[in-house]
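Read the structure below first, then the notes.
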Amino acid sequence: MSDNTEKKRSAAPDSGSSGTARSAENAFFDVFFTNASEAIFITDPKGKLIAANPSFATLTGINVPEAIGQIPPILKSANTDSDFYNTLMRSLKRKGSWKGEISSNRGDGNICREWLSLSSRKDPKSGDTTHYVGTLIDAATQVSQSLNKHYYDSLTKLPNRLLLQDRLEFMINHARRNNQLMALMLLDIDRFRLINDTFGYEIGDKLLQTIAERLLTCVRDVDVVFRSGDDEFAIILEEIAHQEDAAKVAKRILTSCAGPLQVNGHDVHTSVCIGISIFPHDGDGKVQMLQNAEAAMLRARETGLNNYQHYKPSMNARALERLTLENDLRSALSRYELCTFFQPQVEIKTSKITGMEALLRWKHPELGMIPPSQFIPIAEDTGLILSIGEWVLRSACLQTRKWQKMGLPLVISVNLSANQFQQQNLVSIVESSLKNSGMTPDLLELEITESMSMKNPEETMKMLSGLKDLGVRIAIDDFGTGYSSLSYLKRFPIDTLKIDRSFLMDIPDNPRDAEIVKAIIAMAHSLNLSVIAEGVETELQAQYLVDNGCAKMQGYLFSPPVPETEFERLLRKQV
Ligand code: C2E
Ligand code: MG
Ligand code: MG
């Protein structure tokens with residue numbers, strides 16, 4: 001071995017050759033070892049340095065020839081605790097390898113983060129570890145191509161869930177050692193699935209990129225933003241001084257991500273929900289921190305769009321309950337656990353049932369009857385509402401046709417959820433439901449809520465026109481609870497306003513509600529719309545409505561929602 005070669009590979013391992021005619025394999029190893037941009041080092045089974053390449057010296061600042069025979073500082077940094085090393089050693093023993101982020105002291109007082117990948121080499125005969133080979137990459141700047149693919153999301157260029165797991169563990173250990181607070185935030189894009197379905201994947205992807213960019217502007221340089229799932233992001237806020245600091249960041253994010261966002265020329269209405277867990281209050285390890293931030297995020301989603309929640313212990317029970325319901329709901333349709341009840345709508349003058357509202361019910365095998373208020377939000381979040389809603393529509397049409405054939409031409413009201421209403425093919429689904437059942441279109445009334453209709457009035461107008469062309473009726477449900485624009489209300493091709501139950505509860509005693517009800521009835525008349533009051537429970541309420549010109553009612557005073565056979569009994573009673 002010439003002097004020159006010896007100098008170049010001054011710290012390269014003893015390849016095992018006698019030093020005379022080295023094999024081509026060894027020569028190749030030499031070149032690779034010397035020129036690799038990753039820092040590579042080799043230790044004996046005790047961790048003592050045998051060899052290291054020039055990149056290792058550059059990255060760590062270690063004088064390699066002097067360090068030979070010693071344990072390199074990166075493996076015994078004061079910054080890493082015994083738990084960390086136990087885990088590392090266990091993994092090396094069990095799997096023969098370990099990968100993760102470490103922090104090391106460069107000797108100049110600067111703490112640096114590096115990606116360490118260690119693997120053991122064994123003697124093929126005895127199976128004993130002969131040495132360890134490690135590669136080091138500067139976590140901040142030198143991310144290699146292979147790591148890039150593995151740990152980074154190609155769309156947003158953010159680190160992915162794998163890296164989140166590693167980094168979170170690292171940051172928790174760091175915070176624990178230094179008695180610091182840190183926060184984990186999980187963010188979910190409200191109705192992302194719907195946006196994807198409505199505008200297509202290209203816009204969906206662009207939206208993810210836009211949100212990723214906005215998130216980066218809301219955090220400090222030391223904080224890390226991850227894309228942790230399809231429409232999920234995570235942020236680790238390290239070394240926060242107070243819990244409220246996380247809330248401040250969350251508020252900044254909510255403002256920054258609140259729609260409409262301009263994506264490829266489209267106005268995309270969106271927002272995010274955020275769940276926050278704080279170390280050490282909300283979890284002492286990675287798993288618990290993630291679980292609790294997730295529970296908080298679910299709670300935020302339930303609370304409404306565009307909000308954040310800090311984890312509270314009570315959320316776990318709720319999250320578990322919700323998760324169970326979510327799983328069970330996936331198979332509810334195929335297991336015939338869903339059914340519709342019917343609630344009569346009565347014309348006061350004649351006391352006759354003129355129509356009914358189809359109201360969804362879930363007979364859970366263990367939990368009994370679950371009200372729609374509990375499972376419809378889950379169905380909406382998971383996208384299951386589309387198949388469930390279609391099923392309600394189809395079975396309601398078949399039922400109505402059956403009653404029509406019996407000489408009972410009743411109008412059936414079917415509720416549409418926001419997701420269904422934004423579905424591109426809603427018109428064709430309604431059309432085929434009508435065709436399959438053979439019912440007359442004017443007996444079908446589709447209910448959309450006031451807030452749904454006003455969210456994007458131009459789109460609403462298009463969808464309503466398409467539906468009206470089929471000959472069906474349109475009702476605005478829960479009227480009075482949203483913010484209607486009178487000018488749109490005039491332009492929408494609607495037939496009915498349904499006065500929300502909340503206004504009827506205290507009438508006639510509450511003069512304000514009484515006035516509102518009176519005004520809604522008058523407005524419906526002036527717009528030439530039919531009006532129906534829902535949730536009528538007392539004779540006094542009914543009398544007030546009649547006195548003010550509301551001819552149709554629905555409520556417990558007449559009948560609660562009932563199963564099909566019971567409804568038929570009510571019908572027979574009146575003939
Ligand atoms: P909604 O469409 O406003 O339906 C009226 C709700 O008021 C029904 O609750 C009904 O049972 C209840 N109700 C009627 N009369 C009275 C009364 O006199 N007193 C009281 N206290 N309540 C009365 P339900 O069946 O629990 O449904 C709740 C909501 O769930 C519905 O509100 C609707 O928004 C949604 N929903 C029900 N079925 C479906 C469905 O098939 N698809 C969709 N997308 N939503 C549905
Ligand atoms: Mg309704
Ligand atoms: Mg209603």
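Since the model is a prediction, treat every value here as computed from it, not as a measurement. Both ligands and their constituent atoms are indexed starting at 1 by order of listing. By convention here, the first residue in the shown sequence is residue 1.
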Problem - Asn307 side-chain N/O to Ala300 backbone N/O, donor-acceptor pair under 3.5 Å - result: yes
Exercise for the section: Answer with yes or no whether the side chains of Thr382 and Glu326 bring together a donor and an acceptor at under 3.5 Å. Expected result: no
Handout entry: Protein non-hydrogen atom found under 4.0 Å from atom 5 (C) of ligand 1
Key = yes
Practice task
With heavy atoms under 4.0 Å as the rule, classify the contact between Ser417 and ligand 1 as side chain, backbone, both or neither.
Solution key: both
Exercise for the section: Could you list the residues that satisfy side chain to side chain contact (heavy atoms under 4.5 Å, CB included) with Gln165, not counting sequence neighbours? Expected result: Arg161, Lys286, Leu290
Handout entry: Residue Val392 vicinity, atoms of ligand 1 by number, heavy atom under 4.0 Å
Key = 41 (O)
Exercise for the section: Decide whether Ser417 and Asn419 meet the rule of one side-chain donor and one side-chain acceptor closer than 3.5 Å. Expected result: no
Problem - Short side-chain donor-acceptor distance under 3.5 Å, Ser271 and Asp190 - result: yes
Practice task
Give a yes or no on whether atom 12 (C) of ligand 1 lies under 4.0 Å from any heavy atom of the protein.
Solution key: no
Problem - Side chain, backbone, both or neither: Arg361 near ligand 1, heavy atoms under 4.0 Å - result: side chain
Completion exercise
At under 4.0 Å between heavy atoms, what of Asp478 touches ligand 1? The answer is side chain
Handout entry: Protein heavy-atom partner closest to atom 18 (O) of ligand 1 - residue, atom, separation in Å
Key = Tyr556 N, 2.8 Å
Handout entry: Ion pair check, Arg512 and Glu515, cut-off under 4.0 Å
Key = no
Problem - Distance-only polar pair, side chains of Lys498 and Gln554, donor-acceptor under 3.5 Å - result: yes
Practice task
Ignoring hydrogens, tell whether any protein atom lies closer than 4.0 Å to atom 41 (O) of ligand 1; use the non-hydrogen atoms only.
Solution key: yes
Exercise for the section: Show your reasoning for whether side chain to side chain contact (heavy atoms under 4.5 Å, CB included) applies to Leu187 and Met297. Expected result: CA-CA 7 Å; Leu187 292 91; Met297 188 182 75; 5.7 Å; no
Fill in the blank from the handout: The single option from Leu384, Leu360, Ile385 that satisfies side-chain contact (heavy atoms from CB on, under 4.5 Å) with Phe375 is Leu360
Handout entry: Side chain, backbone, both or neither: the part of Asn415 lying under 4.0 Å from ligand 1 by heavy atom
Key = both
Problem - ligand 1 contact by Pro371, heavy-atom criterion under 4.0 angstrom - result: no
Handout entry: Aromatic plane relationship, Phe567 with Phe342 - under 30° parallel, 30 to 60° tilted, over 60° perpendicular
Key = tilted
Exercise for the section: Could you tell me the residue and atom name of the protein heavy atom closest to atom 32 (O) of ligand 1, and the distance to it rounded to 0.1 Å? Expected result: Asp477 OD2, 4.7 Å
Handout entry: Pair Glu458-Tyr488, side-chain donor/acceptor within less than 3.5 Å
Key = yes
Exercise for the section: Quick one: list whatever passes side chain to side chain donor-acceptor pair (under 3.5 Å) with Lys552, sequence neighbours left out. Expected result: none
Exercise for the section: Rounded to the nearest 0.5 Å, what's the gap from CG on Leu155 to NZ on Lys157? Could you check? Expected result: 7.5 Å
Fill in the blank from the handout: Looking at Ala475, Pro560, Gly535, Pro372, the heavy atom closest to atom 27 (O) of ligand 1 belongs to Pro372
Problem - Per-atom contact, atom 1 (P) of ligand 1, protein heavy atoms, under 4.0 angstrom - result: yes
Exercise for the section: With rounding to the nearest 0.5 Å, note down the distance linking CG in Leu529 to CD1 in Ile494. Expected result: 5.0 Å
Exercise for the section: Just jot down the ligand 1 atoms closer than 4.0 angstrom to any heavy atom of Pro561, in number order. Expected result: 11 (O)
Handout entry: Heavy atom of protein inside 4.0 Å of atom 24 (P) of ligand 1, strictly below
Key = yes
Problem - Protein N, O or S atoms lying under 2.8 Å from the Mg ion (ligand 2), listed by chain and number - result: Glu357 OE2, Asn415 OD1, Glu447 OE1, Asp477 OD2
Fill in the blank from the handout: A student checking ligand 1 against Glu537 at a 4.0 Å heavy-atom cut-off should list atoms 17 (C), 18 (O), 19 (N), 20 (C), 21 (N)
Practice task
Ignoring hydrogens and angles, state whether a donor on the side chain of Ser432 or Arg394 is under 3.5 Å from an acceptor on the partner side chain.
Solution key: yes
Exercise for the section: Would you mind telling me if ligand 1 is within reach of the side chain of Leu416, the backbone, both or neither, using heavy atoms under 4.0 Å? Expected result: backbone
Handout entry: Glu380 touching ligand 1 at heavy-atom level, < 4.0 angstrom
Key = no
Exercise for the section: Inspect the surroundings of CD in Glu202 and state if more than 12 heavy atoms from other residues, nucleotides or ligands are less than 6.0 Å away. Expected result: no
Practice task
Note the single closest protein heavy atom to atom 38 (N) of ligand 1, along with its residue, its atom name and the distance in Å.
Solution key: Leu360 N, 3.1 Å
Exercise for the section: Only counting residues at least two apart or in another chain, list the ones meeting side chain to side chain donor-acceptor pair (under 3.5 Å) with Lys462. Expected result: Glu459
Completion exercise
Rounded to the nearest 0.5 Å, the CG atom of Asp188 sits from the SG atom of Cys273 at a distance of 6.5 Å
Problem - Nearest-neighbour protein heavy atom for atom 15 (N) of ligand 1, which is reported as residue plus atom name and distance - result: Gln343 NE2, 3.0 Å
Problem - Atoms in ligand 1 with a heavy atom of Gly555 nearer than 4.0 Å - result: 15 (N), 18 (O)
Exercise for the section: Look at atom 45 (N) of ligand 1 and say which protein heavy atom is nearest, naming residue and atom and giving the distance to 0.1 Å. Expected result: Ile376 CD1, 3.2 Å
Problem - N or O pair under 3.5 Å between Ala358 and ligand 1 - result: no
Handout entry: Identity and separation of the nearest protein heavy atom to atom 21 (N) of ligand 1
Key = Arg501 NH1, 2.8 Å
Completion exercise
Among Asp500, Leu359, Thr340, closest by heavy atom to atom 8 (C) of ligand 1 is Leu359
